[in-house]
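What follows is one structure encoded as structure tokens, with my remarks underneath.
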Amino acid sequence: MGKKLEKDFLSMADLTKHDIAEIMAIASRLKRYKYSRQLENRTIALLFEKPSTRTRLSFEAGIIQLGGSPIYMDASTTQLSRGESLEDTAKMFERFVDGVVARVYKHETLVTLATKSRIPVINALSNLEHPCQILSDLFTIREKKGSLENQKIAYVGDGNNVCNSLILGSAIAGCNIAVATPDKYKPNNNIVELAKRISPEGVKIMNNPYDAVSGATVVYTDVFVSMGDEASKEERLKEFLPKYQVTKKLMSYAQKDAIFMHCLPAHRGEEVEADVIDGPQSVVLDQAENRLHVQKALLLKLFNLVAYL
Ligand code: CP
Ligand code: NVA
């Protein structure tokens with residue numbers, strides 16, 4: 001069932017179904033009332049090893065809207081880039097700020113930051129997971145479809161960080177998920193096993209996108225070449241195209257009122273046809289906006305400030 005949210009949010013598996021429901025209730029409220037003061041006198045560092053538009057903007061704007069102060073740090077301009085240890089860096093965060101939002105190449109970096117400091121650490125994307133994305137995506141699905149119960153989510157493409165978190169999030173929230181990837185680019189095996197333990201009937205991994213999408217209420221895809229995978233770009237495009245592109249034809253196998261989701265940034269003509277991502281079933285802009293509301297709710301929960309809402 002996922003474990004109860006404690007100090008850090010590194011994985012979707014750090015949440016129970018109840019945590020997800022609670023964060024969504026707070027997010028709905030914050031979506032109506034944008035500005036408040038619950039994070040007054042709190043300073044939160046954003047340590048980013050990779051580029052970002054949405055995650056950086058939504059965390060910085062969200063922290064400011066809650067009365068707190070964000071400090072953005074491009075990791076390449078810190079002493080980490082000159083060999084200072086992660087352990088010492090974690091101790092510095094603990095001395096200067098109240099929490100860290102970190103986007104990293106290696107998931108282990110997050111684990112070290114979290115275990116070596118007493119302040120909350122939030123995964124803003126790693127090679128293994130993108131839990132802030134999926135937590136907000138569950139909110140978007142609930143907003144668009146009315147409930148998370150009985151949803152059939154199809155993920156088509158690369159079994160990457162977004163896919164891993166979506167598998168866990170679906171299993172914990174009680175949605176069914178079918179994932180279609182080439183054998184070579186399957187989702188992380190430990191994550192799939194964990195999700196199947198949580199939801200034995202609800203998680204299916206396959207190769208055929210048409211089987212995955214058939215009858216789906218939500219169709220989700222992400223880039224074929226994630227940050228850090230650039231060296232295998234050519235090989236990946238050969239493997240994924242044309243079979244794993246979300247086209248209008250593939251969408252026609254989903255339910256008529258199915259929604260199309262993508263975490264963005266998107267590559268039109270690669271993982272998705274422009275007619276789909278820019279078409280009437282696409283919810284990608286609302287999906288992006290919800291990052292703001294849901295991450296604000298997550299911050300309040302991690303800082304035990306929910307009672308002050
Ligand atoms: N979806 C997402 O995390 O986007 P950014 O890389 O722009 O933050
Ligand atoms: N899978 C993508 C997600 C970007 C938000 C990446 O890691 O680059």
Side-chain angles (χ1 to χ4, degrees), residues 9-12 44-63 70 72-76 100-110 122-141 155-169 179-182 184-188 191 218-233 235-237 239-240 244-246 260-268 270-272 277 282-296 298-299:
F9 181 50
L10 305 189
S11 162
M12 277 309 288
I44 299 173
L46 276 70
L47 176 72
F48 279 47
E49 292 180 351
K50 303 178 184 182
S52 168
T53 299
R54 279 146 290 272
T55 307
R56 177 179 177 182
L57 261 177
S58 54
F59 268 109
E60 286 204 42
I63 291 164
Y72 179 79
M73 299 173 81
D74 173 343
S76 69
V100 184
V101 175
R103 169 167 284 199
V104 299
Y105 282 98
K106 293 193 200 120
H107 192 79
E108 299 73 50
T109 301
L110 293 170
I122 297 175
N123 179 358
L125 183 148
S126 70
N127 60 324
L128 190 62
E129 280 205 56
H130 196 1
C132 291
Q133 178 71 51
I134 298 307
L135 183 58
S136 354
D137 294 342
L138 291 173
F139 179 83
T140 304
I141 294 170
Y155 178 94
V156 177
D158 184 20
N160 61 16
N161 44 10
V162 169
C163 177
N164 289 334
S165 288
L166 185 62
I167 291 170
L168 280 174
V179 173
T181 71
K184 212 171 153 194
Y185 296 106
K186 279 198 166 127
N188 179 277
I191 286 186
V218 177
V219 179
Y220 199 125
T221 191
D222 184 19
V223 289
F224 294 148
V225 186
S226 283
M227 293 178 277
D229 292 337
E230 290 79 5
S232 58
K233 180 173 178 181
E235 189 186 319
R236 284 171 167 272
L237 293 186
E239 188 80 35
F240 287 110
Y244 293 93
Q245 186 180 84
V246 178
F260 170 78
M261 299 183 82
H262 190 311
C263 60
L264 305 179
H267 290 80
R268 289 166 176 79
E270 289 186 14
E271 73 276 6
V272 60
I277 194 168
S282 175
V283 299
V284 299
L285 299 180
D286 292 337
Q287 182 185 354
E289 182 195 316
N290 283 333
R291 297 285 306 276
L292 174 74
H293 313 302
V294 172
Q295 289 164 187
K296 285 166 76 176
L298 171 73
L299 288 168

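Note that the structure is predicted; figures quoted are calculated from it, not measured. Order of listing sets the numbers, starting from 1, for every ligand and every atom in it.
Looking at atom 4 (O) of ligand 1, its nearest protein heavy atom turns out to be Arg54 NE, 2.9 Å. Of the protein's non-hydrogen atoms, the one nearest atom 8 (O) of ligand 2 is Met227 N, 2.8 Å. For atom 5 (C) of ligand 2, the nearest protein heavy atom (residue, atom name, distance) is Leu264 O, 3.6 Å. For atom 7 (O) of ligand 2, the closest non-hydrogen atom on the protein side is Asn161 ND2, 2.9 Å. Atom 3 (C) of ligand 2 has Asp222 OD2, 3.6 Å as its closest protein atom, hydrogens excluded (heavy atom only). Scanning the protein heavy atoms around atom 4 (C) of ligand 2, the nearest turns out to be Leu125 CD1, 3.8 Å.
Between Glu49 and Lys106, no side-chain nitrogen of the basic residue sits less than 4.0 Å from a carboxylate oxygen of the acidic one, so the salt-bridge criterion is not met.
The contact set between ligand 1 and His130, taken as ligand atoms under 4.0 Å from a residue heavy atom, comprises 2 (C), 3 (O). For ligand 1, the atoms closer than 4.0 angstrom to any heavy atom of Thr53 are 5 (P), 7 (O), 8 (O). Within ligand 1, the atoms closer than 4.0 Å to a non-hydrogen atom of Arg103 are 3 (O), 5 (P), 6 (O), 8 (O), numbered from 1 in the order shown. Under a 4.0 Å criterion applied to the non-hydrogen atoms of Asn160, ligand 2 contributes the atoms 1 (N). Those atoms of ligand 1 that come under 4.0 Å of a heavy atom in Arg291, given as number and element, are 1 (N), 2 (C), 3 (O).
Under a 3.5 Å cut-off, the side chain of Ser58 and the backbone N or O of Thr55 do form a donor-acceptor pair. Under a 3.5 Å cut-off, the side chain of Arg103 and the backbone N or O of Pro51 do form a donor-acceptor pair.
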* Asked: Run the side-chain hydrogen bond (donor to acceptor under 3.5 Å, both in side chains) check on Asn160 and Asp222 step by step: do they pass?
  -> CA-CA 8 Å; Asn160 61 16; Asp222 184 19; 2.8 Å; yes
* To do: Could you walk me through whether Thr140 and Asn290 pass side-chain hydrogen bond (donor to acceptor under 3.5 Å, both in side chains), step by step?
  => CA-CA 7 Å; Thr140 304; Asn290 283 333; 2.9 Å; yes
* Evaluate the side-chain contact (heavy atoms from CB on, under 4.5 Å) criterion for residues Thr53 and Leu57: first the C-alpha distance (whole Å), next the side-chain angles of each, then the deciding distance (0.1 Å), finally the verdict. => CA-CA 6 Å; Thr53 299; Leu57 261 177; 4.3 Å; yes
* Asked: Please walk me through it: do Tyr185 and Asp229 pass side-chain hydrogen bond (donor to acceptor under 3.5 Å, both in side chains)?
  -> CA-CA 12 Å; Tyr185 296 106; Asp229 292 337; over 6 Å; no
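With sequence neighbours excluded, the residues that form a side chain to side chain donor-acceptor pair (under 3.5 Å) with Glu271 are His262.
Not close to ligand 1: Leu125, with no non-hydrogen atom less than 4.0 angstrom away. The shortest separation from a heavy atom of Asp229 to ligand 2 is not under 4.0 Å, leaving the residue out of contact. Ligand 1 does not have Lys50 within reach: every non-hydrogen atom of the residue lies 4.0 Å or more from it.
For ligand 1, one of its N or O atoms has an N or O atom of Leu264 under 3.5 Å away. Geometrically, ligand 1 and Cys263 share a nitrogen or oxygen pair separated by less than 3.5 Å.
The residue His262 has no part lying near ligand 1, judged by heavy-atom distances below 4.0 Å. Neither the backbone nor the side chain of Thr55 comes within 4.0 Å of ligand 2, counting heavy atoms alone.
Between Ser11 and Pro131, the shortest heavy-atom distance links the atoms C-CB, 3.9 Å. In terms of heavy-atom proximity, Gly169 sits nearest to Ile134 at CA-CG2, 4.3 Å.
In this structure, the ring of Tyr72 has its center less than 6.0 angstrom from the ring center of Phe48.
Using a 4.5 Å heavy-atom cutoff, the side chains of Gln133 and Leu125 are not in contact.
Nearest-residue assignment for atom 6 (C) of ligand 2 (options Pro265, Cys263, Ser226; heavy-atom criterion): Ser226.
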